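The structure displayed is predicted, hence computed values, not measured ones.
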Amino acid sequence: MQIEELFEFVYILIDKKRVTAKEMAERFGVSSRTIYRWVEALSIAGIPIYSALGRGGGICISEKFALDKTVLSEDERMAIVSSVKALDSLGAGTKASEKLSHLVTSDSDWLEVDFAPWSPEGSEVRALFATLRDSILKKRILTFDYFSSDGRMEKRTVHPWKLVFRGQAWYLLGWCDARKDERFFKLSRMRNLRQTGRKACSRQELNGGEKSKRDNYVSAAKMPLIKIKTTVSNEKIPILLDAFVCSEVKIHRNKSASVTFTAPDSPWLCETLLSFGPSLKIISPFKIKKQIASLAEETSRLYESTRRLDF
């Protein structure tokens with residue numbers, strides 16, 4: 001018997017007021033006998049839960065019941081309230097954390113999370129999350145235009161399953177009809193998102209619950225890594241720390257620093273490093289130095305005509 005399962009069981013009862021042992025057994029993957037043992041344990045713990053016989057009967061909870069603080073420890077209650085509070089910025093209407101604030105006695109206002117960007121498009125991000133969340137919960141197929149890593153824009157039809165936050169970005173996990181496989185889609189690359197009225201299939205229905213061997217997100221995470229040593233001007237250090245996980249930062253007296261970090265050996269790496277301009281110099285490896293020099297020359301040639309006009 002897990003405390004998380006009992007906690008969820010109680011909240012289902014608070015929400016529905018009446019459930020059957022059979023539907024709860026199916027939800028939690030246990031037997032009906034186990035569900036009745038949970039009912040007995042919760043009743044002994046002082047929660048007004050009981051079984052009603054006859055037509056329309058089932059497992060019930062008092063309509064006047066509010067979750068007692070003794071069900072969970074203070075740390076567990078704080079973790080729940082903080083987690084809900086972290087996701088409040090993605091919701092709409094009354095904040096769930098305010099409804100749960102009575103669960104904790106200590107100050108729960110130590111954490112604030114807002115996934116919207118600093119730019120004025122914050123409301124658009126929340127609208128995007130609302131559409132995705134609604135589609136996942138209601139099991140509705142989505143369509144959107146998507147820019148893949150090779151720069152192509154394609155129309156995608158997806159059975160949405162889950163929103164995932166990894167690294168510094170949000171992804172949608174779902175089944176892609178075009179690829180006939182499960183895929184991760186970066187939310188920032190989506191355009192013209194639309195929920196269809198068609199019912200989406202679950203993960204189990206489409207691939208038997210097995211994890212895709214061609215998962216493009218996992219494949220990206222397993223790309224070969226390369227260790228890079230650089231010198232960078234002091235004012236660019238924060239930007240470099242934002243872009244990469246730096247293992248070593250050594251400040252020099254000449255307003256520069258030696259910074260070492262590891263990054264995926266991917267085409268976007270040199271483009272990202274080149275964006276620092278003359279403020280960053282690659283010390284090693286030589287392969288990256290050569291690629292950046294070549295990329296800088298190609299970029300310079302784009303503006304040859306501009307330089308001639310200046311003279």
Side-chain angles (χ1 to χ4, degrees), residues 82-83 85-90 110-129 132 146-151 162-173 184-191 215-296 298-300:
S82 299
S83 298
K85 186 179 179 68
L87 293 174
D88 267 345
S89 66
L90 303 180
W110 65 276
L111 176 67
E112 181 174 342
V113 178
D114 191 344
F115 295 109
W118 287 104
S119 59
E121 288 79 21
S123 60
E124 295 181 13
V125 172
R126 292 186 179 90
L128 174 67
F129 269 97
L132 292 171
Y146 190 72
F147 290 87
S148 56
S149 56
D150 59 5
K162 185 186 298 185
L163 283 170
V164 178
F165 186 79
R166 181 70 182 268
Q168 297 179 354
W170 280 98
Y171 298 83
L172 170 70
L173 171 63
F184 280 87
F185 300 94
K186 201 169 186 177
L187 267 56
S188 59
R189 298 179 183 176
M190 292 180 180
R191 293 294 183 273
D215 187 332
N216 61 344
Y217 181 71
V218 173
S219 297
K222 291 184 178 180
M223 291 180 66
L225 299 177
I226 186 168
K227 186 174 183 179
I228 301 172
K229 294 184 178 181
T230 69
T231 57
V232 60
S233 59
N234 283 359
E235 66 270 16
K236 295 293 184 179
I237 294 176
I239 303 175
L240 193 62
L241 293 175
D242 288 341
F244 302 98
V245 179
C246 302
S247 59
E248 181 182 338
V249 180
K250 184 178 180 181
I251 306 297
H252 303 306
R253 293 181 179 179
N254 63 350
K255 296 184 179 180
S256 69
S258 297
V259 180
T260 302
F261 57 90
T262 302
D265 191 1
S266 169
W268 63 263
L269 174 61
C270 289
E271 295 173 359
T272 302
L273 295 175
L274 184 61
S275 68
F276 286 84
S279 297
L280 182 141
K281 180 180 180 181
I282 303 297
I283 305 303
S284 66
F286 178 76
K287 179 182 76 169
I288 298 298
K289 294 171 65 174
K290 186 176 179 180
Q291 289 176 358
I292 290 180
S294 176
L295 189 59
E298 291 179 23
T299 305
S300 178

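- For the pair Ser294 (side chain) and Lys290 (backbone), a donor-acceptor distance under 3.5 Å is absent.
- The side-chain heavy atoms of Ile239 and Val232, taken from C-beta on, include no pair separated by under 4.5 Å.
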Could you walk me through whether Phe244 and Ile228 pass the side-chain contact (heavy atoms from CB on, under 4.5 Å) check? CA-CA 11 Å; Phe244 302 98; Ile228 301 172; over 6 Å; no
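- The aromatic rings of Phe184 and Tyr171 lie perpendicular to each other, with more than 60° between the two planes, well past the 30° mark.
- Considering CD1 of Ile282 and CG of Leu273, their distance stands at 4.5 Å, rounded to 0.5 Å.
- Between the side chain of Thr230 and the backbone N or O of Val259 there is at least one donor-acceptor pair closer than 3.5 Å.
- A 4.5 Å side-chain heavy-atom check between Leu269 and Gln291 finds every atom pair outside the cut-off.
- Note that CD1 of Ile226 is 9.5 Å distant from CZ of Phe261, once rounded to the nearest 0.5 Å.
- Using a 4.5 Å heavy-atom threshold, the side chains of Tyr146 and Lys186 count as touching.
- Using a 4.5 Å heavy-atom cutoff, the side chains of Ile237 and Asn234 are in contact.
- Scanning both residues, Leu240 and Cys246, for their nearest heavy atoms gives O-SG, 4.1 Å.
- Minimum interatomic distance between Arg189 and Ser148 (heavy atoms only, all atoms of both residues): NH1-C, 4.1 Å.
- The two atoms that bring Ser279 and Glu235 nearest to each other are OG-OE2, 4.5 Å, heavy atoms only.
- Panel note: side chain Ser256, backbone His252; no donor-acceptor pair is recorded below 3.5 Å.
- Interatomic distance, Leu225 CG to Asp265 CG, rounded to the nearest 0.5 Å: 9.0 Å.
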Check the pair Thr260 / Ile283 against side-chain contact (heavy atoms from CB on, under 4.5 Å), numbers first and verdict last. CA-CA 10 Å; Thr260 302; Ile283 305 303; over 6 Å; no
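- Considering all non-hydrogen atoms of both residues, Thr231 and Ser258 come closest at CG2-OG, 4.2 Å.
- With rounding to the nearest 0.5 angstrom, the NZ atom of Lys229 is 14.5 Å from the CD1 atom of Ile288.
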